[in-house]
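Have a look at the structure below before the remarks.
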Amino acid sequence: DPYTFGQIAAANALSDVYAMGGRPLAMVDVIGAPQDDILKRMCQGMRDNAKRFNVPIVGGHVQATADEPSLALAIMGRAKKLITSFDAKPGDALVLVTNMDGRWLEKSNYWNCTLPRHDANLVGNLELLPEAAEAGLTCAGKDVSMAGIAGTLVMLAECSGVGAYIDTDSVPVPGGYDREVWLEPFLRAFFSYGFLLSAREEKLPELVRPFLVAYSFVSIIGATINLGLLWDIADTFNGLMAIPNLIALLILSGQVKKLAIDVDQAEKAALVTQLLISRLAIDNPLEYARLALDGEMQAWVDAEDSLDIF
């Protein structure tokens, strides 16, 4: 749907600025499509969402393309204090902020929770992010975009050099969906309004309160942990995995020894064969050529006493 495509592009760009503690100022775009009606619908989707969020599209470029539609959108914003991806610390709580009143586009795995009925609160809810940053209530965060909740957490943890875990029981699924079936797809869903914030425990009440007042959904879905501890746990389990392998080696030691001897003898035999053939080629090149042409080289090697070489 070209119209929805344009809407998503604008909403995603706006989320990127708010997720960093900024306030968007203006957007520009480059858009292409093989048909005029597709171009118009994409432009209309961008324009309508830009209007809803009070951020103008101030310029861009439109072109006809021979293949599939394409859209690139750039946005500029300003922040007094940044929310980065690099400042989560071990022991931080991971807070999911979203709106569970929405429509799930299952085929594209897109959680659209910025519907027309939410227009009155759209900008106000997003403004809570730069306000939280300026008050020092959150130290790191990202918007939940194409990587979903799970992928966004991985990116945040990687950038901050910490480990993390998710308590899946604290992750919601839309009403009317079987949790056992749809939890995993929802963890990968792209949100039109969704943010994963990292915060110290003592700052949680002050961080969470404004979002709850604004009727956003807020859940503490996990925490960050010391990456050293994570590696220690991983090393421990890797070590434990070696125990059954060692037991198997002890049980099969006799067979392993026999196989090692067989391999050694095979390598020696191959070396002997090569030495015999090389010596024949040097000492008697005519005989070497005859045996090679007649296909009798291996029979000649087998007839030689290989022990005489050593």
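Just the heavy atoms: all of them, side chains too, but no hydrogens, waters or symmetry mates, feed the values below. From a predicted model like this one, the values you see are computed outputs, not experimental measurements. This chain uses plain numbering: 1 for the first residue, then up along the sequence.
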Subject >> Met146, CE atom: more than 12 neighbouring heavy atoms under 6.0 Å >> reply: no
Original post:
Does CD in Glu201 sit with more than 12 non-hydrogen atoms of other residues, nucleotides or ligands closer than 6.0 Å?
Top reply: no
**OP:** Identify whether Val97 and Leu137 are in the same connected component of the hydrophobic contact network (ILVMFWY, side-chain heavy atoms under 4.5 Å).
**Re:** yes
Subject >> Distance-only side-chain donor-acceptor flag, Tyr110 / Thr4, under 3.5 Å >> reply: no
Subject >> Separation between CE of Met27 and CG of Asn49, rounded to the nearest 0.5 Å >> reply: 8.0 Å
Original post:
Is the closest side-chain donor-acceptor distance between Asn12 and Ser15 under 3.5 Å?
Top reply: no
Subject >> Where Arg103 and Leu105 come nearest, the two heavy atoms and their spacing >> reply: NH1-CD2, 3.2 Å
**OP:** List the atom of Thr114, the atom of Ser192, and the distance in Å for their closest heavy-atom pair.
**Re:** OG1-OG, 3.1 Å
Original post:
Given side chains that start at C-beta, do those of Pro69 and Met42 come closer than 4.5 Å, heavy atoms only?
Top reply: yes
**OP:** Could you check if a side-chain atom of Pro34 sits within less than 4.5 angstrom of a side-chain atom of Thr65, using non-hydrogen atoms only?
**Re:** yes
Original post:
Has Glu134 got more than 12 heavy atoms of other residues, nucleotides or ligands less than 6.0 Å from its CD?
Top reply: yes
**OP:** Using the side chain to side chain contact (heavy atoms under 4.5 Å, CB included) rule, take Gln63 and Ile31 through it: C-alpha gap first, then chi angles, then the decisive distance, then the call.
**Re:** CA-CA 6 Å; Gln63 61 186 4; Ile31 184 171; over 6 Å; no
Original post:
Is there a side-chain contact between Val30 and Leu71 (heavy atoms, below 4.5 Å)?
Top reply: no
**OP:** Could you walk me through whether Arg23 and Leu126 pass side chain to side chain contact (heavy atoms under 4.5 Å, CB included), step by step?
**Re:** CA-CA 9 Å; Arg23 294 176 174 87; Leu126 289 167; over 6 Å; no
Subject >> Phe190 and Ser108, any side-chain heavy atoms less than 4.5 Å apart >> reply: no
Original post:
Mind checking whether Ile8 and Phe5 sit in one hydrophobic cluster, side chains of I, L, V, M, F, W, Y counted as touching below 4.5 Å?
Top reply: no
Original post:
What distance do Ile38 atom CD1 and Glu68 atom CD have between them, rounded to the nearest 0.5 Å?
Top reply: 10.0 Å
**OP:** State yes or no: do Val17 and Leu128 share one hydrophobic cluster built from I, L, V, M, F, W and Y residues joined by side-chain heavy-atom distances below 4.5 Å, directly or via other members?
**Re:** yes
Subject >> Expected output: side-chain Lys142 to main-chain Ala19 donor-acceptor under 3.5 Å >> reply: no
**OP:** Check for a donor-acceptor pair, side chain of Ser198 on one end and backbone N or O of Ala88 on the other, with a separation under 3.5 Å.
**Re:** no
Subject >> Verdict with reasoning, Arg200 to Lys89, per side chain to side chain contact (heavy atoms under 4.5 Å, CB included) >> reply: CA-CA 8 Å; Arg200 305 306 296 174; Lys89 300 291 188 294; 3.6 Å; yes
Original post:
Quick one: CG on Leu129 to OH on Tyr18, what's the gap to the nearest 0.5 Å?
Top reply: 9.0 Å
Subject >> Cys139 SG to Asp87 CG distance, which is reported to the nearest 0.5 Å >> reply: 7.0 Å
**OP:** Give me the other members of the hydrophobic cluster that Tyr177 sits in, counting Ile, Leu, Val, Met, Phe, Trp and Tyr linked by side-chain heavy atoms under 4.5 Å, directly or via other members.
**Re:** Leu94, Leu96, Met100, Trp104, Trp111, Val144, Ile149, Leu153, Leu156, Ile166, Val171, Val173, Val181, Trp182, Leu183, Phe186, Leu187, Phe191, Leu196, Phe217, Ile221
Original post:
Are Leu212 and Leu207 connected, step by step, through hydrophobic side chains (Ile, Leu, Val, Met, Phe, Trp, Tyr) whose heavy atoms are closer than 4.5 Å?
Top reply: yes
**OP:** Inspect the surroundings of CZ in Arg179 and state if more than 12 heavy atoms from other residues, nucleotides or ligands are less than 6.0 Å away.
**Re:** yes
Original post:
Are side-chain heavy atoms of Val95 and Val218 found at a separation under 4.5 Å?
Top reply: yes
**OP:** First locate atom CD of Gln7, then atom CZ of Arg41, and finally report the distance between them rounded to the nearest 0.5 Å.
**Re:** 9.0 Å
Subject >> Distance-minimising heavy-atom pair for Arg117 and Gly102 >> reply: NH2-N, 4.3 Å
Original post:
Do the side-chain N and O atoms of Asp48 and Tyr3 include a donor-acceptor pair separated by under 3.5 angstrom?
Top reply: yes
Original post:
What about Val55 and Met20, same hydrophobic cluster or not, with Ile/Leu/Val/Met/Phe/Trp/Tyr joined at side-chain heavy-atom distances under 4.5 Å?
Top reply: no
Subject >> Nearest heavy-atom neighbours spanning Ala214 and Asn125 >> reply: CB-OD1, 3.1 Å
Original post:
For the side chain of His61 and the backbone of Asp29, is there at least one donor-acceptor N/O pair under 3.5 Å apart?
Top reply: no
**OP:** Ignoring hydrogens and angles, tell me if any N or O in the side chain of Asn99 forms a donor-acceptor pair with the backbone of Asp101 under 3.5 Å.
**Re:** yes
Original post:
Heavy-atom count around Glu127 CD within 6.0 Å, excluding the residue itself: above 12?
Top reply: yes
**OP:** Taking all non-hydrogen atoms of both residues into account, name the closest pair between Cys159 and Ser85 and its distance.
**Re:** CB-O, 3.0 Å
Original post:
If every non-hydrogen atom of Ile220 is compared with every non-hydrogen atom of Ala93, which pair is closest and at what distance?
Top reply: CG2-CB, 4.1 Å
Subject >> Atom CD of Glu202 with >12 non-hydrogen neighbours under 6.0 angstrom >> reply: yes
**OP:** Answer yes or no: is there a donor N or O on one side and an acceptor on the other, between the side chain of Arg52 and the main chain of Leu115, under 3.5 Å?
**Re:** yes
Original post:
Are there more than 12 heavy atoms of other residues, nucleotides or ligands under 6.0 Å from atom CZ of Arg78?
Top reply: no
Original post:
Between atom CD of Gln44 and atom CG of Leu39, what is the distance when rounded to the nearest 0.5 Å?
Top reply: 12.5 Å
**OP:** Using modelled atom types only, decide if a donor and an acceptor are shared between the side chain of Thr138 and the backbone of Ala132 within a distance under 3.5 Å.
**Re:** no
**OP:** Run the numbers on Thr98 and Phe195 for side chain to side chain contact (heavy atoms under 4.5 Å, CB included), then give the verdict.
**Re:** CA-CA 7 Å; Thr98 186; Phe195 301 90; over 6 Å; no
